[in-house]
Amino acid sequence: MRILFIGTGDIGLPAFNALLAATQHHVVGVVTQPDRPAGRGNKLTASAIKQRALEAGIEVHQPLKIRNYVEALQALQPDIAVVIAYGQILSKAVLEVPRLGCLNVHASLLPLHRGAAPIQAAMLANNAETGVTIMHMDEGLDTGDVVLMDRLLLRPDHTGGLLHDELAALAPTSLLEALDLIAAGKATRTPQDNTNATHVGKLTREHGRLDWTRSAVELERLVRAYNPWPGTFTTLPEGAVLKVHTARVVPDAEVCPVAGTVVAASPKQGLLVATGHGILEITEVQAEGRKRLPARDFLAGHSLEVGARLGGEKTA
RNA sequence: CGCGGGAUAGAGCAGCCCGGUAGCUCGUCAGGCUCAUAACCUGGAGGUCAUUGGUUCAAAUCCAAUUCCCGCAA
């Protein structure tokens, strides 16, 4: 089939590569977000999808607003469009450009976790499993009829980044299978059960502020889910931000004082913090302007007194 | 030219403003102590202070340029 690939995020890269490699399909064009100033120095940066497309010699389109770009897309005469982590809402007119409509690859088991951050949401919800869903897009946000799903069990060692990569690696198989079914006219369309739907909005850094009144178990999960993005952090007694990269729950923790209190802080004991329920050991940190470090190394050069309070602004 | 911080022993940091013997915590090595320990005590090794140039009797420290690293913001 003639396929139009629409996507920006890295999560679509394996699927994109699979489409390029598939002999039964022909990628007729790529639509991705315009290059944006990014990184230190605000240099214009092209998405990985764009870079890969250019390598493969495929036409790249970067409309500011895809809804005003319908005619150019029609010119490509795609049979179907594949949309993964594009970053713009597709209007009805855009959705109707391809003869067979638009397929979306979504990184959750719909109708759970519709929206922008399904991977982190599945972890935070402590779901037993998550996966990828291939669906026909309609005008709603991740509400279209489902073609198929592939599942993945969540593990205690999963971080948001690791899960992201595993789901990205899972996507090509699911996508190709769905395309084959559609090409053969054997695809089924299962409407989503809207009564079970949940939504997640875009994540911001502020979502990563650790609220010490929550339990150590919840906080550990948050740290994992938000690693590497948007990351989690707390504030030191002086008010400086301290990023928290990894943490673990201290088993058999005794009853502790006020949430956010430093229970131990030395290169030998590590950095232990009282939470609303249980004790959390912060194992890897990063201070402003410094590199990420094991907490014990951090403590070798920074004094942090037992009894000090972290995250003062919020947990007061 | 978006804003800002940093580079000093194997690791993490102080010292720099106010030039003059290289310092702290940890690790490491040796010895000691203890029923025992992420325990404690004693002693040792380990550094062209990012690079290059300048100022000076003298530069980790002051000046200039370069390289690399990171935080914020997007």
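Lettering of chains follows the sequences in order, A, B, ..., and the numbering in each one begins at 1.
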Exercise for the section: Please find the earliest and latest nucleotides of RNA chain B, in the 5' to 3' direction, that have an atom within less than 4.0 Å of any heavy atom of chain A. Expected result: B:G2 to B:A74

With both distances under 3.5 Å as the test, what is the Watson-Crick or G-U wobble partner of [N]?
| N | value |
| --- | --- |
| B:C3 | B:G71 |
| B:A30 | B:U42 |
| B:A64 | B:U52 |
| B:C24 | B:G12 |
| B:A58 | none |

Take atom [atom1] in [N] and the same atom in [M], then report the distance between them in whole Å.
| N | M | atom1 | value |
| --- | --- | --- | --- |
| B:C49 | B:G43 | C1' | 26 Å |
| B:C63 | B:U55 | C1' | 7 Å |
| B:A7 | B:G12 | P | 11 Å |
| B:A60 | B:C18 | C1' | 15 Å |
| B:U67 | B:U51 | P | 15 Å |
| B:C70 | B:A9 | C1' | 22 Å |
| B:U28 | B:C68 | P | 35 Å |
| B:G23 | B:C1 | C1' | 40 Å |

Practice task
Scan A:Gly39 against the nucleic acid and name what it touches under 4.0 Å (heavy atoms): base, sugar-phosphate only, or nothing.
Solution key: base

Practice task
Determine the contact category for A:Arg292: base if any of its heavy atoms lies under 4.0 Å from a base atom, sugar-phosphate if only primed atoms, P, OP1 or OP2 are that close, otherwise nothing.
Solution key: nothing

Under 3.5 Å, is there a donor-acceptor pair linking the side chains of [X] and [Y]?
| X | Y | value |
| --- | --- | --- |
| A:Ser47 | A:Thr32 | yes |
| A:Asn104 | A:His136 | no |
| A:Ser174 | A:Glu177 | no |

Practice task
Starting from the 5' end of RNA chain B, give me the residue, A:Gln286 or A:Pro267, whose nearest nucleotide shows up first.
Solution key: A:Pro267

Exercise for the section: Please figure out whether A:Gly41 or A:Gly301 has its closest RNA chain B nucleotide nearer the 5' end. Expected result: A:Gly41

Handout entry: Approximate separation, where rounding is to 0.5 Å, of A:Ile11 CD1 and A:His164 NE2
Key = 4.0 Å

Practice task
Kindly assign one of parallel, tilted or perpendicular to the pair A:Phe5 and A:Phe16, based on the angle between their ring planes and the thresholds 30° and 60°.
Solution key: tilted

Practice task
Determine yes or no for a side-chain-to-main-chain donor-acceptor pair under 3.5 angstrom, with A:Arg214 supplying the side chain and A:Gly276 the backbone.
Solution key: no

Practice task
Check whether any side-chain heavy atom of A:Tyr226 sits under 4.5 Å from a side-chain heavy atom of A:Leu124, and report yes or no.
Solution key: yes

